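Got a structure for you, written out below as structure tokens; questions coming shortly.
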Amino acid sequence: MSFFTNQLKVWFSQSHRPLPWKGEKDAYLIWLSEIILQQTRVEQGLPYFERFRERFPTVHDLANAPEDTIMKTWEGLGYYSRARNLHAAAKYIVHTLKGKFPSTYEGIRALKGVGPYTAAAIASFAYELPYAVVDGNVFRVLSRFWGIQTPIDSTEGKKQFANLADRALQASSLAPSQHNQAMMDFGAIHCKPKAPLCSHCPLNGQCAAFQNKKVDQLPVKSKKIKKKNRYFHYLVVNAGPQVMLRKRTEKDIWRNLYEFPVLEWPEAKASEQEIRRSAPWEACIGDRPARIEQISPPQQQTLTHQKIQAVFWEIHLEDEPPSISELAPYILADRKNLSNFAFPKIIDWYLGDNSLYLKLV
DNA sequence: AAGTCGGGGGA
DNA sequence: TCCCCAGACTT
């Protein structure tokens, strides 16, 4: 264990990557960065971190903001439950904890959206508490160096790697924050998933995977994911300067984001008749005279567990639109205000590609 | 224990 | 295409 920690320390002293939250001691900002970086590459999350820090400098700013504003700031980053949980936790900190960020592992772990990894990261970075982080990088480094083939996504594996990570932290002469940073930086920069830099690795002398030529086989993951196909037919209902929208409130993808009235259909192909007879058409248009035109081709978006194909139908009402009250849960939004709504990527693609922001009827 | 939740980047 | 990314929550 001491060979591992000592070599890691040497490597870290000359190779760590500079990031804006390194050395940060404001627990709020550390928490913010860790939530943003869950399952997200540093390069992808960085601009979001800067944006959030600017718009919400303190936990009070975040707690007091409308959720739609937070969702809009999060737009495009994915895994939107992180944003919802971030808001809920901010309100909890302000209203229940009187604005004081929790300073124990258990207290931090109790925040919505904070699991074992994030709690350990905040506890060590903000308070130098001795909790070892175990993220994707750490799984990889540990499984390779010790040649552990237990699947990292199994209950047994999580326990085993957590124990190993704790022992490494105990053995390290670095402070908890520095040791944790070193483990993750080493995994990200040197012990990479593909094409790791084994030939000049300071750990290769005792790395089980390297000695046995099994670097490319570790770590082991057991679960496989199946993707479902889904077909969305979006009704882009234009009523003068306004367009119809809805908020996705159901328990499904993109919860609390906005989209056009949608018909989910068994296939990407649908006739104009089928669109005109659909439930969203009935709710948004009814018997009113309307022109309809399909935008081609269908747009694709791949999520973790499903592949979405979206067809956009542009619809123009000849007369007055339905009143707001009979339209609920749909809403009418001015086109010039569309930039205030948070949309899934596929809707954003349509808005950008078709310049709906700029179209003036 | 298994399923669900985004989006982007690299090979 | 497939895999992975400073994972967590729900069922």
Side-chain angles (χ1 to χ4, degrees), chain A residues 16-17 19-22 24 30-49 71 74-86 88-89 108-125 131-141 151-159 161-162 165 177 180-189 191-196 216-217 219-228 230 248 250-257 300-308 342-349:
Chain A
H16 72 95
R17 29 173 198 182
L19 294 172
W21 47 82
K22 278 191 180 176
E24 179 63 58
I30 293 170
W31 168 57
L32 183 58
S33 73
E34 292 301 339
I35 300 298
I36 287 174
L37 290 171
Q38 286 168 3
Q39 288 294 283
T40 303
R41 293 167 186 276
V42 167
E43 313 84 71
Q44 188 187 359
L46 225 156
Y48 285 85
F49 174 71
M71 298 309 286
W74 197 274
E75 181 184 44
L77 193 55
Y79 283 165
Y80 295 92
S81 63
R82 292 184 291 170
R84 298 191 301 268
N85 289 333
L86 190 72
I108 297 165
R109 176 70 180 81
L111 299 175
K112 278 190 182 179
V114 174
Y117 162 76
T118 305
I122 299 172
S124 63
F125 296 154
Y131 290 88
V133 295
V134 185
D135 72 335
N137 293 307
V138 176
F139 275 122
R140 188 168 55 254
V141 171
I152 61 173
D153 52 358
S154 66
T155 305
E156 176 61 27
K158 283 171 191 163
K159 196 188 301 177
F161 285 102
S177 68
N180 281 338
Q181 289 282 8
M183 290 285 287
M184 292 192 286
D185 278 2
F186 180 70
I189 299 173
C191 194
K192 299 181 291 181
K194 290 174 184 172
D216 59 343
Q217 299 174 35
V220 174
K221 227 179 222 182
S222 57
K223 294 175 190 161
K224 292 164 191 165
I225 53 175
K226 287 180 187 169
K227 281 198 201 306
K228 279 186 201 169
R230 294 177 76 180
R248 291 184 64 93
E250 61 273 21
K251 187 177 154 26
D252 194 1
I253 55 172
W254 302 327
R255 185 143 64 101
N256 290 11
L257 269 60
Q300 272 200 18
Q301 182 176 8
T302 304
L303 311 184
T304 307
H305 289 89
Q306 38 194 302
K307 189 160 80 179
I308 311 290
F343 297 110
K345 214 60 183 170
I346 204 159
I347 300 290
D348 201 49
W349 166 84

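Proteins get letters first, then strands, A, B, ... in listed order; numbering begins at 1 in each. As the structure is a computational prediction, the values presented were derived from the model and not from experiment.
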### Any residue meeting side-chain hydrogen bond (donor to acceptor under 3.5 Å, both in side chains) with Ser33(A), in chain and number order, not counting sequence neighbours
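Result, side-chain hydrogen bond (donor to acceptor under 3.5 Å, both in side chains) vs Ser33(A): none returned.
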#### Entry: dC9(C) versus dG8(B) - spacing of their C1' atoms, nearest Å
23 Å
### Task
Using a heavy-atom cut-off of under 4.0 Å over every strand shown, decide if Leu77(A) touches base, sugar-phosphate, or nothing.
base
### Message
Quick check: on DNA chain C, is the nucleotide nearest Gln39(A) upstream (toward 5') of the one nearest Pro193(A), or the reverse? Name the residue that is more 5'.
### Response
Pro193(A)
#### Entry: Intra- and interstrand pairs of DNA chain B - dot-bracket, Watson-Crick/G-U under 3.5 Å, | marks other strand
|||||.|||||
### Query
Could you give the NZ-to-C1' distance, from Lys226(A) to dC5(B), as a whole number of Å?
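Roughly 18 Å, once rounded to whole Å.
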### Message
Distance criterion of 3.5 Å, no angle test: do you see the side chain of Thr302(A) paired donor-to-acceptor with the base of dG6(B)?
### Response
no
### Query
Is the backbone N or O of Pro344(A) less than 3.5 Å from a side-chain atom of Asp348(A), with the two atoms forming a donor-acceptor pair by type?
no
### Message
Heavy atoms only, 4.0 Å cut-off, all strands: where does Asn180(A) land among base, sugar-phosphate and nothing?
### Response
nothing
## Note on the structure
Comparing Ile225(A) with Gln44(A), nearest DNA chain B nucleotide closer to 5' gives the residue Ile225(A)
N/O contacts under 3.5 Å, protein versus nucleotides 1-3 of chain B?
from, atom 1, to, atom 2, distance (Å)
dA1(B), OP2, Thr155(A), OG1, 2.1

### Message
Categorize Trp21(A) for me: base, sugar-phosphate, or nothing, with a 4.0 angstrom heavy-atom threshold over every strand shown.
### Response
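Base contact.
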### Task
Rounded off to whole Å, could you give me the CD-to-P distance for the Gln300(A) and dG8(B) pair?
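Result: 15 Å.
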### Task
Sequence neighbours left out, what passes side-chain contact (heavy atoms from CB on, under 4.5 Å) with Tyr48(A)? Give chain and number order.
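If we apply the side-chain contact (heavy atoms from CB on, under 4.5 Å) test to Tyr48(A), skipping adjacent residues, the hits are Ile36(A), Arg51(A), Leu77(A).
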### Any residue meeting ring-ring contact (aromatic ring centres under 6.0 Å, His included) with Phe161(A), in chain and number order, not counting sequence neighbours
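Partners of Phe161(A) under the ring-ring contact (aromatic ring centres under 6.0 Å, His included) test: Phe139(A).
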### Task
Name the first nucleotide and the last nucleotide along DNA chain C (5' to 3') that come under 4.0 Å of a heavy atom in chain A.
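Boundary nucleotides touching chain A, in 5' to 3' order, are dC4(C) to dT11(C).
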### Message
If I pick the P atom on dG9(B) and the same atom on dA8(C), what distance separates them, to the nearest angstrom?
### Response
23 Å
### Query
Mind checking what makes side-chain hydrogen bond (donor to acceptor under 3.5 Å, both in side chains) contact with Arg109(A), not counting sequence neighbours?
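With sequence neighbours excluded, Arg109(A) shows a side-chain hydrogen bond (donor to acceptor under 3.5 Å, both in side chains) to no residue whatsoever.
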### Message
I'd like to know if Lys158(A) and Glu156(A) make a salt bridge, using a cut-off of under 4.0 Å between side-chain N and carboxylate O.
### Response
no
### Task
With rounding to the nearest 0.5 Å, note down the distance linking OG in Ser177(A) to CD1 in Ile122(A).
14.0 Å
N/O-N/O pairs, protein side and nucleotides 9-11 of chain B side, under 3.5 Å:
from, atom 1, to, atom 2, distance (Å)
dG10(B), N2, Lys194(A), NZ, 3.3

#### Entry: Spacing of Phe186(A) atom CZ and Gln181(A) atom CD [to the nearest 0.5 Å]
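Between atom CZ of Phe186(A) and atom CD of Gln181(A) there are 15.5 Å.
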### Query
Counting any heavy atom closer than 4.0 Å, what does Thr40(A) reach on the DNA or RNA strands: base, sugar-phosphate only, or nothing?
base
### Listed partners of Glu43(A) passing side-chain contact (heavy atoms from CB on, under 4.5 Å), at least two apart
Arg41(A)
### Query
Touch check for Thr118(A), heavy atoms < 4.0 angstrom, all strands: base, sugar-phosphate only, or nothing?
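Sugar-phosphate: the residue Thr118(A), judged by heavy atoms under 4.0 Å, touches backbone atoms but no base.
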### Query
Does Arg84(A) reach the side chain of Arg255(A), with side-chain heavy atoms less than 4.5 Å apart?
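A side-chain contact exists here, since the closest heavy-atom pair is under 4.5 Å.
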### Task
Check every strand shown and say whether Val133(A) touches a base, only sugar-phosphate, or nothing at a heavy-atom separation below 4.0 Å.
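No contact at all - Val133(A) keeps every heavy atom at 4.0 Å or more from the nucleic acid.
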### Task
Could you tell me which residues satisfy salt bridge (Lys or Arg N to Asp or Glu O under 4.0 Å) with Lys22(A), sequence neighbours excluded, listed by chain and number?
Asp185(A)
### Task
Could you list the residues that satisfy side-chain contact (heavy atoms from CB on, under 4.5 Å) with Ala121(A), not counting sequence neighbours?
Glu34(A), Tyr117(A), Phe125(A), Val133(A)
### Query
Looking at side-chain heavy atoms only, is the closest gap between Ile152(A) and Lys221(A) below 4.5 Å?
yes
### Query
When you check the gap from the basic side-chain N to the acidic O, do Arg230(A) and Asp252(A) get nearer than 4.0 Å?
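Yes.
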### Message
For a quick check of understanding: with a heavy-atom distance under 4.0 Å over all strands, which category does Gly76(A) fall into, base, sugar-phosphate or nothing?
### Response
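Since only primed, P, OP1 and OP2 atoms lie under 4.0 Å of Gly76(A), the category is sugar-phosphate.
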### Message
Determine whether a donor-acceptor pair (N or O, by modelled atom type, separation under 3.5 Å) exists between the side chain of Glu75(A) and the backbone of Phe343(A).
### Response
yes
### Query
Which is true for Arg255(A) with a 4.0 Å heavy-atom rule: it touches a base, it touches only sugar-phosphate, or it touches nothing?
nothing
### Query
What is the nucleic acid contact for Arg140(A), judged by heavy atoms within less than 4.0 Å: base, sugar-phosphate only, or nothing?
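Answer is sugar-phosphate: Arg140(A) comes under 4.0 Å of backbone atoms only.
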### Task
Round to the nearest Å and state the distance from Arg230(A) atom CZ to dT4(B) atom P.
11 Å
### Query
Rounded to the nearest Å, what distance is computed from the CD atom of residue Gln38(A) to the P atom of nucleotide dG8(B)?
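Gln38(A) atom CD is separated from dG8(B) atom P by 18 Å.
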### Task
Could you list the residues that satisfy side-chain contact (heavy atoms from CB on, under 4.5 Å) with Tyr79(A), not counting sequence neighbours?
Gln39(A), Arg82(A), Thr304(A)
### Task
Round to the nearest Å and state the distance from Ile35(A) atom CD1 to dG6(B) atom P.
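Answer to the nearest Å: 16 Å.
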### Query
Nearest nucleotide by nearest heavy atom, which residue falls closer to the 5' end of DNA chain C, Lys158(A) or Phe125(A)?
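Upstream on the strand: Phe125(A).
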### Message
Say we look at dA11(B) and dA6(C): how far apart would their C1' atoms be, to the nearest angstrom?
### Response
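About 22 Å, rounded to a whole number of Å.
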### Task
Have a look at Leu19(A) and say if it touches a base, only the backbone sugar-phosphate, or nothing, with a 4.0 Å heavy-atom cut-off.
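The answer is base, as Leu19(A) lies within the cut-off (heavy atoms under 4.0 Å) of a base atom.
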